[in-house]
Every structure is written in C-alpha cells, then in structure tokens.
Amino acid sequence: MGVRLYDTKAREVVDLAPRVPGRVGIYVCGPTVQSSPHVGHLRSALVYDLWRRWLAHRGYEVTLVRNVTDIDDKILVAAEAAGDPERWWALAYRVELEFSRAYAAIGILPPTYEPRATASIGEMLSLTATLIERGHAYPAADGSGDVYFDTGSWAPYGELTGQRREDMQDAEDADPRGKRDPRDFALWKGRKPSEPASASWPSPWGAGRPGWHLECSAMSRRYLGGAFDIHGGGLDLRFPHHENELAQSRAAGDGFARHWLHNGLVTVDGQKMSKSLGNSVFAHDVLAQAEPAVVRYLLAAAHYRSTIDLHDGSLAEAAAAVERIESFLLRSGRALAVAAPAAPAALEVPEVFAAAMDDDLGVPQALAVLHETVRAGNAALDAGDLAAAARSRAEVAAMTGVLGLDLGGARTDDAATAALGVLVEGMLERRAAARAQQDYRTADEVRAALAAAGIAIEDGPDATHWSLS
RNA sequence: GGUGGCGUGGCCGAGAGGCGAGGCAACGGCCUGCAAAGCCGUGUACACCGGUUCGAAUCCGGUCGUCACCUCCA
C-alpha cells in the first residue's frame with residue numbers, strides 16, 4: 001500500500017498519485033512576516049516537515065516550497081506603528097529571521113526553497129495580464145490602479161470549499177474601492193499616496209503592489225510548474241485565500257494543485273489564538289519553557305488535521321512522554337555499551353509504524369508503536385535479553401529519526417558540565433561507600449543534597465547514574 | 001444566512017460495525033536498604049434520543065453543545 005492522504009478538495013482519503021512517478025512537489029503557504037511566530041505557525045510548518053520527511057523516507061524526491069509573504073498591508077501597518085514606514089522591509093526581514101530560528105529550534109528542516117513574494121513581482125504581473133486577457137480580471141474603473149479578479153466570470157468559484165457564490169455573505173469590506181462585486185478580490189493594489197514609495201512596483205495599471213492571493217499562484221507556478229502535486233496550508237486559509245488562488249490559477253489556464261492538504265489549528269483553552277484576544281502563545285514563550293524535542297512532540301503528537309488545544313499541563317505531558325523514550329535510549333545505550341551484542345539489523349522502522357504513517361500521516365498510531373517498542377525494549381533489558389533490547393533500540397532510533405525527534409543528543413560537553421560531572425561522581429562514590437557499610441543515613445543525605453541541586457540519581461545493578469532533572 | 005469540523009474513561013489522544021491504540025495520572029504487585037527508573041496487573045469510555053443490524057462508539061434520522069471559515073490569520 002502506498003501513501004494515502006486526506007484531500008480537502010476531494011473530501012476523502014485518496015492515494016497519493018504524483019504527476020511524475022517518484023517525485024512530489026509541495027507548495028505550502030508560509031507566514032506573513034509581520035510579527036513574532038506563535039505555536040500555530042510552528043505547528044503548520046511542522047506538519048509539512050513531517051509529510052516531507054515521511055515521503056522522503058518512502059523514497060520520493062520531494063520539492064518543498066514554502067513562501068514568505070514579505071509585502072502586505074499588515075507589514076506596512078506594523079512598520080508604521082514602529083515609526084519607520086519606509087523600512088517595512090527591515091521589519092519583514094527581522095521577523096523572517098525569527099521564524100527561521102524558531103523552525104530550526106524544533107528541527108523543522110529548511111524547505112527546498114523559500115521564495116519571498118517581493119522577488120516574484122514580474123510573474124505576478126504577467127499572471128494578472130493573462131487574467132485580464134482571458135476576461136477574468138479587470139482594472140478598477142475608479143482610477144485607483146487596482147486590478148480585481150472577476151469572481152462572477154469563473155463558474156467554478158467556490159469549488160474548493162463547497163460554497164456557492166450566491167450564498168456567500170458579502171464581505172463587509174471597509175473599502176470596496178473599485179470592485180464590481182463585493183466578492184471580487186484584488187490581484188493588484190494601486191499605490192495610495194500615504195504608502196511608502198519603496199512598497200510599490202511599476203505595472204501597466206500604475207504603481208502598486210500585489211494582492212495577497214496572487215503571490216502563491218505566481219510562485220507555485222514559477223518553482224513547481226503550472227500543475228503540481230500538493231498544496232498545503234492552515235485550515236483557516238481555505239477560504240478565501242486558497243479558494244482565490246485556485247480560481248485565479250485555473251482561470252489563467254494552470255492545472256494547479258492535484259491534492260490539497262490542510263492542517264488543524266492550535267487553540268488556547270479552547271479558543272483560537274488571535275491578536276484581539278491577546279491569547280497568542282509565542283514560539284519563544286514555549287521554547288523558554290521546554291526542550292525543543294518536547295515542543296516538537298507536543299505539536300506532532302495529535303493527528304495533523306485535528307485541533308491542538310493548549311492548556312496547563314500540555315507541555316508537562318509531552319515532556320513525560322519524551323522522557324520515557326529518552327530514558328530508554330539512555331538506559332539501553334549504557335547496557336549495550338558494556339556488552340555489545342551482534343550488530344542490530346539495519347535501521348528499519350517497524351511495519352505497523354510505516355503503515356500508520358502511510359495512512360494519511362497517522363502520527364498518533366505511529367507514536368503508539370514507538371511507545372510499545374520502548375516498553376518491549378525495557379522489558380528485554382529487565383530480562384537481560386540484550387539482543388532483543390538492541391533490536392528495540394535500533395527501531396526506536398529509526399522511528400524517532402523519521403519523526404525528526406532529536407533525543408539524547410542534548411548532552412553538552414562544555415567545561416561546566418565536565419566539572420559538574422567530577423563533583424557528582426565524587427559524591428556518588430561517597431554514597432556508594434556509605435551504602436556498602438549500610439550507613440543509609442549518609443547515603444540518603446547525599447541523595448537529598450543532589451536532589452536539592454536538581455540532580456536525580458538511579459541505582460543500577462552495578463552503578464549509579466545521575467541526570468539533571 | 002451559507003460552508004466545514006468536533007463531542008471517547010480523571011486528563012491528553014487514536015480508532016470507525018464484533019476482539020478495549022498509546023501516553024499521562026491513580027491504585028496493587030515485582031525489583032530496591034529506602035527510593036528512582038523499569039516491568040507486570042487494575043477501567044464495565046465513546047454528548048443525548050430514536051432507528052438499521054445477530055451485534056453500533058463506529059451506519060441512518062433527529063436533538064443538544066461546541067469550534068472554525070464566510071474580514072487579516074498557520
């Protein structure tokens with residue numbers, strides 16, 4: 001069985017059928033770099049990172065394109081608020097770097113390419129011209145320099161989200177400008193006198209800048225072709241963003257995406273994060289509270305299409321699960337280092353794990369397999385079956401590898417850690433001596449002193465191990 | 001008004017007609033000087049009401065609750 005995915009346009013799980021066998025082109029809507037990344041942004045990028053890793057594991061050559069929207073109303077507004085409207089590009093770039101750091105922190109691999117909207121203005125202009133030629137777009141009659149997509153001219157409009165044009169509630173757009181119909185949307189926005197000159201580009205319809213939806217059509221076409229395999233993005237982008245992308249690309253004659261993927265949102269205590277509610281949980285907040293692997297686990301553990309609700313204890317639960325896996329890796333590593341059994345078989349992921357991942361990226365079931373393998377490995381260790389333990393360990397490593405869960409590698413080898421090690425080992429020797437003489441009072445005092453310093457110890461059959469808790 | 005979700009044991013979270021995923025927490029046991037870690041065991045869970053079926057958490061109809069999108073959002 002091959003890889004299957006829930007196609008939000010088809011509204012069912014379908015077989016992945018790449019246009020070119022063995023190759024998959026994916027376009028994902030990236031962020032508008034207007035303000036710091038929140039966990040929702042992290043989750044979205046993580047979902048496609050997982051898809052990409054799994055497809056690559058399955059032998060596909062994946063081209064993942066995730067754009068950066070670096071010109072937009074909100075960026076201009078943010079720059080204005082920062083008191084330096086001309087330098088909107090500096091703000092956009094600063095925020096973009098923040099996103100990159102946050103992505104990297106939780107092991108999200110850089111996409112194959114990360115195009116910025118401002119670098120594809122030419123493609124957007126030609127796409128706009130094509131749409132006008134074909135009778136699907138019109139320059140506004142009010143002299144604003146705007147160009148709008150004519151939704152009424154495109155019969156399938158609404159096909160992605162199953163809505164009929166007549167049923168759509170009119171946008172209470174504060175500024176209908178030169179639209180013929182409220183449902184029409186801007187391809188090109190004429191420059192307003194109040195806007196910085198640096199935020200506009202020349203066009204046949206006057207100086208201006210691109211509308212939001214246009215960039216994705218232009219960039220996916222430029223890097224993946226007029227027809228490609230998968231288009232992804234957050235569930236909240238389905239309408240109007242993806243609907244409009246689809247309409248303009250198809251109206252321009254492109255086949256566009258074969259499959260649509262949408263990731264679920266992240267809510268906080270049951271509510272969507274939003275600026276107006278002020279309940280956003282930012283990437284830097286969560287990364288300050290937990291190990292990167294814990295954050296990655298938390299955001300990956302639920303199925304990619306379901307909502308993740310953040311609440312008190314979310315991080316602690318994820319941390320407990322991660323520690324369980326991590327401590328098996330540590331424990332088995334110690335046991336196998338002493339008496340290395342026959343080399344484990346190649347790093348293959350268990351079949352049930354693979355089957356779960358194949359089935360619309362069933363990470364939750366895959367994690368169940370991972371945990372079962374950990375349990376079996378621990379049981380093997382308890383029973384002294386090192387060969388079985390080694391096999392489990394290899395499987396666990398393979399699974400965490402595919403999931404991008406970088407565990408056990410956090411051991412820092414700096415001077416401070418080394419010095420701490422010397423001190424702790426000294427104390428443990430003192431404790432061992434006390435225990436040998438059944439002086440448990442002294443032994444427990446040593447343990448308590450270490451615990452007070454945040455160091456946990458475990459007595460093994462031949463040695464005591466310590467770790468920072 | 002339109003469109004699409006969701007409601008599973010103390011919590012998180014899968015599943016999608018029959019054999020109780022997995023994690024966390026709790027309780028009992030093994031191990032331990034005591035712990036810790038680990039292992040073994042312990043749960044009459046599927047919003048409500050009808051229906052279909054030998055059998056429904058899963059299918060159908062209805063009710064209630066809840067969330068998202070239709071305005072910028074990953």
Side-chain angles (χ1 to χ4, degrees), chain A residues 8 11 28-32 34 37-48 66 69 72-74 77 99 158 160-174 183 212 232-241 243 262-267 270-276 280 297-298 301-303 305-309 311-314 316-325 327-328 330-331 352 356 362-372 374-383 435 438-440 443-444 447-448 451 456-461 464-465 467 469:
Chain A
T8 34
R11 292 171 199 231
V28 176
C29 285
T32 297
Q34 50 164 330
H38 61 226
V39 282
H41 295 116
L42 289 185
R43 196 229 182 151
S44 180
L46 175 58
V47 161
Y48 302 103
R66 181 191 342 101
T69 301
D72 174 86
D73 290 356
K74 286 163 301 187
V77 168
F99 269 84
L160 178 65
T161 52
Q163 301 182 90
R164 300 188 319 159
R165 206 169 148 277
E166 311 81 86
D167 290 336
M168 291 179 192
Q169 212 167 58
D170 289 353
E172 287 170 32
D173 200 334
R183 287 159 291 209
W212 177 39
L235 197 55
D236 52 353
L237 294 183
R238 282 193 324 154
F239 193 92
H241 187 49
E243 192 73 76
H262 286 97
N263 60 277
L265 306 181
V266 180
T267 61
Q271 271 188 312
K272 185 178 167 178
M273 284 183 267
S274 77
K275 271 191 174 168
S276 50
S280 294
Y297 187 95
L298 169 66
H303 186 85
R305 282 191 280 120
S306 58
T307 305
I308 293 181
D309 186 44
H311 57 95
D312 280 352
S314 292
E317 277 179 24
V322 167
E323 268 164 36
R324 183 174 155 74
I325 301 163
S327 70
F328 167 67
L330 248 35
R331 184 158 100 108
V352 249
V363 172
Q365 298 95 312
L367 285 176
V369 176
L370 175 59
H371 278 106
E372 273 164 4
V374 166
R375 185 186 44 71
N378 274 319
L381 244 23
D382 283 356
R435 289 179 75 206
Q438 305 203 336
D439 176 6
Y440 297 120
D444 289 349
R447 184 166 62 195
I457 63 172
E458 286 174 40
D459 291 325
T464 296
H465 305 284
S467 57
S469 49

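Residue numbers begin at 1 in each chain, while the letters A, B, ... track the order of the sequences. For the numbers below, each heavy atom of this structure counts, side chains included, while hydrogens, waters and symmetry mates do not.
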Side-chain donor or acceptor of A:R375 under 3.5 Å from a matching atom on the base of B:C39? no
Using a heavy-atom cut-off of 4.0 Å across all strands, would you classify A:E372 as base, sugar-phosphate, or nothing? sugar-phosphate
Is there side-chain contact between A:T464 and A:R447, with heavy atoms separated by less than 4.5 Å? no
The nucleotide from B:C24, B:A74, B:C39 with an atom nearest the side chain of A:D382 is B:C39
In Watson-Crick or G-U wobble terms, both distances under 3.5 Å, what is the partner of B:U3? B:A68
Check every atom of B:C39, B:A35, B:A74 against the side chain of A:K272 and return the nucleotide holding the closest atom. B:A74
Hey, are A:N263 and A:R43 close enough side-chain-wise for a donor-acceptor pair under 3.5 Å? no
Write down the distance between CZ (A:R165) and C1' (B:C70), rounded to a whole number of angstrom. 14 Å
Looking only at the side chain of A:H371 (C-beta and beyond, no hydrogens), which of the listed nucleotides B:C70, B:G22, B:A74 gets closest? B:G22
Given atom CG of A:N263 and atom P of B:G5, what is their separation to the nearest angstrom? 16 Å
Is the shortest heavy-atom distance from the side chain of A:D236 to the side chain of A:K272 under 4.5 Å? yes
Base, sugar-phosphate alone, or nothing: which one does A:N378 contact when heavy atoms must sit under 4.0 Å apart? sugar-phosphate
Check: protein-nucleotides 26-32 of chain B nitrogen or oxygen pairs below 3.5 Å:
none

Which of these nucleotides, B:A74, B:C39, B:G38, is closest to any side-chain atom of A:S327? B:G38
Taking the C1' atom in each of B:A14 and B:U8, what is the distance between them to the nearest angstrom? 10 Å
With both distances under 3.5 angstrom, what nucleotide forms a Watson-Crick or G-U wobble pair with B:A16? none
Residues A:V266, A:H38; criterion side-chain contact (heavy atoms from CB on, under 4.5 Å); working and verdict: CA-CA 10 Å; A:V266 180; A:H38 61 226; over 6 Å; no
My understanding is that a pair needs two contacts under 3.5 Å, Watson-Crick or G-U wobble. By that rule, which nucleotide pairs with B:C59? B:G51
For nucleotides 12-14 of chain B, list the nitrogen or oxygen atoms of the protein found under 3.5 Å from its nitrogen or oxygen atoms, one pair per line.
residue : atom : partner : partner atom : Å
B:A14   : OP1  : A:H303  : N            : 2.7
B:A14   : OP1  : A:S306  : OG           : 2.8
B:A14   : O2'  : A:Q365  : OE1          : 3.4
B:A14   : O2'  : A:Q365  : NE2          : 3.4

Give A:G30 one of three labels, base, sugar-phosphate or nothing, depending on what nucleic acid heavy atoms sit under 4.0 Å from its own. sugar-phosphate
Pairwise C1' distance for B:G41 and B:C64, with rounding to whole Å: 40 Å
P atoms of B:G50 and B:G13, separation to the nearest Å: 30 Å
Using both distances under 3.5 Å as the test, list the Watson-Crick or G-U wobble partner of B:C30, or none. B:G38
Checking A:T69 now: which residues fulfil side-chain hydrogen bond (donor to acceptor under 3.5 Å, both in side chains) with it, not counting sequence neighbours? A:N67, A:E215
What nucleic acid atoms does A:D444 come within less than 4.0 Å of, heavy atoms only: base, sugar-phosphate, or nothing? base
Euclidean distance, A:F99 CZ relative to A:T32 OG1, rounded to 0.5 Å: 8.5 Å
Minimum heavy-atom separation for A:I308 to A:A302, with atom names? CG1-CB, 3.8 Å
Point-to-point distance, once rounded to the nearest 0.5 Å, from NE2 of A:H371 to CD1 of A:I325: 4.0 Å
note: A:D312, atom CG; B:C24, atom C1'; distance rounded to Å ~ 15 Å
Heavy-atom pair with the smallest gap, counting every atom of A:R183 and A:R165: NH1-O, 2.7 Å
Report which part of the nucleic acid A:E458 touches: base, sugar-phosphate, or nothing (heavy-atom distance under 4.0 Å, all strands). base
Answer with base, sugar-phosphate or nothing: what part of the nucleic acid does A:I457 contact at a heavy-atom distance below 4.0 Å? base
For B:A57 and B:U44, measure between their C1' atoms and round to the nearest Å. 14 Å
side-chain hydrogen bond (donor to acceptor under 3.5 Å, both in side chains) filter on A:S314, not counting sequence neighbours, yields A:H311
Counting only side-chain heavy atoms from C-beta out, which of B:C34, B:A21, B:C72 sits nearest to A:K74? B:C72
If you round to the nearest 0.5 Å, how far is CZ of A:R331 from CG of A:L381? 4.5 Å
Whole-Å P distance, B:C54 and B:C40: 41 Å
How about A:T161 and A:Q163: does a side-chain donor come under 3.5 Å of a side-chain acceptor? yes
Can you tabulate the close N/O pairs, meaning under 3.5 Å, that link protein atoms to atoms of nucleotides 2-4 of chain B?
residue : atom : partner : partner atom : Å
B:G2    : N2   : A:Q163  : OE1          : 3.2
B:U3    : O2'  : A:T161  : O            : 2.8
B:G4    : OP1  : A:R11   : NH1          : 3.3

In Å, rounded to the nearest 0.5 Å, how long is the span from OG1 of A:T267 to CE of A:M273? 7.5 Å
When the distance from OH of A:Y297 to P of B:G23 is rounded to whole Å, what number comes out? 9 Å
Within this structure, what is the CZ-to-P distance between A:R331 and B:A37, rounded to whole angstrom? 12 Å
Using heavy-atom distances to pick each residue's nearest nucleotide on RNA chain B, tell me which of A:G40 and A:Y440 is more 5'. A:Y440
Taking B:A56 as the reference, what is the distance to B:G17 when you measure between their P atoms (whole Å, please)? 14 Å
Between B:A16 and B:C59 - P atom distance, rounded Å: 10 Å
Atom CG of A:L265 and atom C1' of B:A68: how far apart are they, to the nearest Å? 7 Å
When the distance from CG of A:L42 to C1' of B:A74 is rounded to whole Å, what number comes out? 10 Å
Nearest whole Å is fine: how far is B:A37 P from A:I325 CD1? 16 Å
Quick one: list whatever passes ring pair (Phe, Tyr, Trp, His ring centres under 6.0 Å) with A:H303, sequence neighbours left out. none
Whole-Å C1' distance, B:G43 and B:C11: 14 Å
Taking any heavy-atom pair under 4.0 Å as a contact, classify A:V266: base, sugar-phosphate, or nothing. base
Taking atom CZ of A:R305 and atom NE2 of A:H262, what is their separation to the nearest 0.5 Å? 12.0 Å
